[in-house]
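Taking it in order: structure first as structure tokens, then the write-up.
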Amino acid sequence: MSTDLFDLTGRRVLVTGSSQGLGRVLARGLARAGAAVVLNGRHTDRLERTAAELSAEGLAVAWRAFDVTDEAGVAAGIAAIEAEHGPIDILVNNAGIQRRAPLTEMSRADWQAVLDTNLSSAFLVARAVVPGMIERQHGKVINICSLMSEVGRPTTGNYAAAKGGLKMLTRAMAVEWGPHNIQVNGIGPGYFATEMTRPLVEDPDFNAWICARTPARRWGRPEELIGAAVFLASAASSFVNGQVLYVDGGVLAAL
Ligand code: GCO
């Protein structure tokens, strides 16, 4: 099997929400596969620090701070990236937050913040990036969904609604942009130990429950998502469109 299938050399990828967490891991993994990476987040200091760390490894990294929920900020940010660095060939819509609460106690603000960041941002950023991909007649969009695109659990109703919507938005994007040689797919992480899930990892009862519930009997390691990202970002997935690839240790396969 030629490894060229998975080579991202000469491609530019934007990963939203990539100054830390899974986004940072995905950005580093895609850069190690040959891509020129553009980091994104809201906090300039974090972006500078992460860019310096990845650059010190010899990776091709740039960054642009903008809020993925701000329509004007997204348009300006994408225009600046493409003017300064060149066209975006691969978009990874990774930005996401959690605001856990029972639905009957959830504020409208927490509902809206999760829907805006985890769902609407993918629409706003893709709407700014994809016209260029259409013009060039090639591109990749990867939406970071979740096992909560399929199942929920108490206190994550806003998150599950957003990630469920992101699965369907992935399909909607795939059918509209497929004729332009743009493949749009999702990655659905199961339970991974990150900054966002730290409270869960450190909860002995939750930790025990998740490990028992997952056929792999453990939490995922963030770097275990890189293979799926490289696959969906590369020529190896040129006829894959509208799919969500779950990387969950088997949890969705189990009763
Ligand atoms: C939770 C977790 C999950 C995971 C992840 C799974 O509260 O149950 O935050 O939502 O973060 O999204 O893909």
Side-chain angles (χ1 to χ4, degrees), residues 15-18 20-23 26 41-42 67-71 74 92-127 141-174 184-216 218-220 222 225 228 242-255:
V15 184
T16 64
S18 50
Q20 63 179 18
L22 293 182
L26 291 175
R42 287 174 298 164
D67 179 347
V68 292
T69 67
D70 170 10
E71 188 169 2
V74 165
V92 180
N93 282 311
N94 166 75
I97 59 172
Q98 262 290 14
R99 298 273 177 82
R100 300 179 186 89
L103 286 169
T104 51
E105 299 165 25
M106 188 177 290
S107 68
R108 174 62 193 264
D110 281 350
W111 168 267
Q112 200 61 52
V114 171
L115 269 291
D116 288 348
T117 306
N118 296 20
L119 177 58
S120 300
S121 69
F123 158 66
L124 291 175
V125 179
R127 188 182 64 172
V141 178
I142 301 170
N143 295 322
I144 305 302
C145 297
S146 164
L147 90 162
M148 293 199 158
S149 298
E150 302 292 345
V151 293
R153 74 176 187 85
T155 74
T156 61
N158 47 359
Y159 190 94
K163 293 296 190 178
L166 190 56
K167 175 179 76 171
M168 289 312 302
L169 180 61
T170 298
R171 292 177 180 168
M173 289 173 170
V184 184
N185 293 285
I187 294 174
Y191 280 91
F192 284 77
T194 65
E195 289 88 345
M196 189 168 75
T197 57
R198 187 184 306 282
L200 305 175
V201 176
E202 292 171 354
D203 176 334
D205 294 337
F206 190 96
N207 181 55
W209 175 68
I210 275 298
C211 292
R213 183 80 181 67
T214 304
R218 63 176 174 83
W219 291 72
L225 282 168
Q243 303 302 314
V244 177
L245 179 51
Y246 288 97
V247 184
D248 68 352
V251 73
L252 284 176
L255 181 61

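Keep in mind that this is a model prediction, so the values were computed, not measured.
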Notebook entry, point to check: So, the side chain of Thr194 versus the backbone of Met196: is there a donor-acceptor pair under 3.5 Å, distance only?
Noted result: yes
Next item on the list: Report the C-alpha separation of Asn118 and Leu166 in whole Å, then their side-chain angles, then the decisive distance to 0.1 Å, and conclude whether the side-chain contact (heavy atoms from CB on, under 4.5 Å) test is met.
Entry: CA-CA 8 Å; Asn118 296 20; Leu166 190 56; over 6 Å; no
Item checked: Val201 vs Trp219 side-chain heavy atoms within contact, under 4.5 Å -> yes
Next item on the list: Calculate, to the nearest 0.5 Å, the distance between atoms OG1 and CG belonging to Thr156 and Leu103 respectively.
Entry: 8.5 Å
Note to self: As an exercise, state the distance from NZ of Lys163 to CG of Leu119, rounded to the nearest 0.5 Å.
What the structure shows: 9.0 Å
Notebook entry, point to check: Any side-chain heavy atom of Val251 within less than 4.5 Å of one from Tyr246?
Noted result: no
Check: When rounded to the nearest 0.5 angstrom, what distance separates CZ in Arg100 from CE in Met106?
Finding: 10.5 Å
Next item on the list: Could you tell me whether the side chain of Pro189 reaches within less than 4.5 Å of the side chain of Val247, counting heavy atoms only?
Entry: no
Checklist line | Closest heavy-atom pair and its distance - Ala126, Met173 | finding: CB-CE, 3.6 Å
Next item on the list: Could you pull out the closest heavy-atom pair between Ala160 and Gly152, with the gap in Å?
Entry: CB-CA, 4.5 Å
Item checked: For Ala161 against Trp111, the heavy-atom pair lying closest together -> CB-CH2, 3.7 Å
Check: Tell me, do Leu22 and Leu225 make a side-chain contact under 4.5 Å, heavy atoms counted?
Finding: yes
Next item on the list: Decide yes or no on side-chain contact (heavy atoms from CB on, under 4.5 Å) for Val184 and Asn143, but give the supporting numbers first.
Entry: CA-CA 8 Å; Val184 184; Asn143 295 322; 4.0 Å; yes
Checklist line | Distance, nearest 0.5 Å, that separates CZ of Arg213 from CZ of Arg153 | finding: 12.0 Å
Margin query: Show the nearest heavy-atom pair for residues Pro222 and Ala193, with the distance to one decimal.
Written below: CG-O, 3.5 Å
Check: Counting only heavy atoms not in Glu71, do more than 12 sit closer than 6.0 Å to its CD atom?
Finding: no
Next item on the list: Would you check if the side chain of Thr16 reaches a backbone N or O of Asn94 as a donor-acceptor pair within less than 3.5 Å?
Entry: yes
Next item on the list: Identify the two heavy atoms, one from Glu202 and one from Pro204, that lie closest to each other, and give their separation to 0.1 Å.
Entry: O-CD, 3.2 Å
Notebook entry, point to check: Just by modelled atom types, is the Phe192 backbone N or O under 3.5 Å from a matching donor or acceptor in the Thr197 side chain?
Noted result: yes
Next item on the list: Test side-chain contact (heavy atoms from CB on, under 4.5 Å) on Val244 and Ser149 and set out the steps.
Entry: CA-CA 9 Å; Val244 177; Ser149 298; 5.5 Å; no
Next item on the list: Check ring pair (Phe, Tyr, Trp, His ring centres under 6.0 Å) between Tyr159 and all other residues, then give those that pass, not counting sequence neighbours.
Entry: none
Check: How about Arg42: does its CZ atom have over 12 heavy atoms from other parts shown lying under 6.0 Å from it?
Finding: no
Margin query: Enumerate the salt bridge (charged side-chain N to carboxylate O under 4.0 Å, His left out) contacts for residues 245-255, please, sequence neighbours excluded, ordered by first and then second residue.
Written below: none
Note to self: Under the salt bridge (charged side-chain N to carboxylate O under 4.0 Å, His left out) definition, can you give me all pairs with a residue in residues 109-125, not counting sequence neighbours?
What the structure shows: Arg99-Asp110
Checklist line | Between CG on residue Leu147 and CG on residue Leu252, distance to nearest 0.5 Å | finding: 5.0 Å
Check: How many angstroms lie between CD1 in Ile144 and CD1 in Ile187, if you round to the nearest 0.5 Å?
Finding: 4.0 Å
Margin query: If I compare all heavy atoms of Val74 with all of Asp67, which pair ends up nearest, and what's the gap?
Written below: CG2-O, 3.6 Å
Item checked: Verdict with supporting geometry, Asn185 and Leu245, side-chain contact (heavy atoms from CB on, under 4.5 Å) -> CA-CA 8 Å; Asn185 293 285; Leu245 179 51; over 6 Å; no
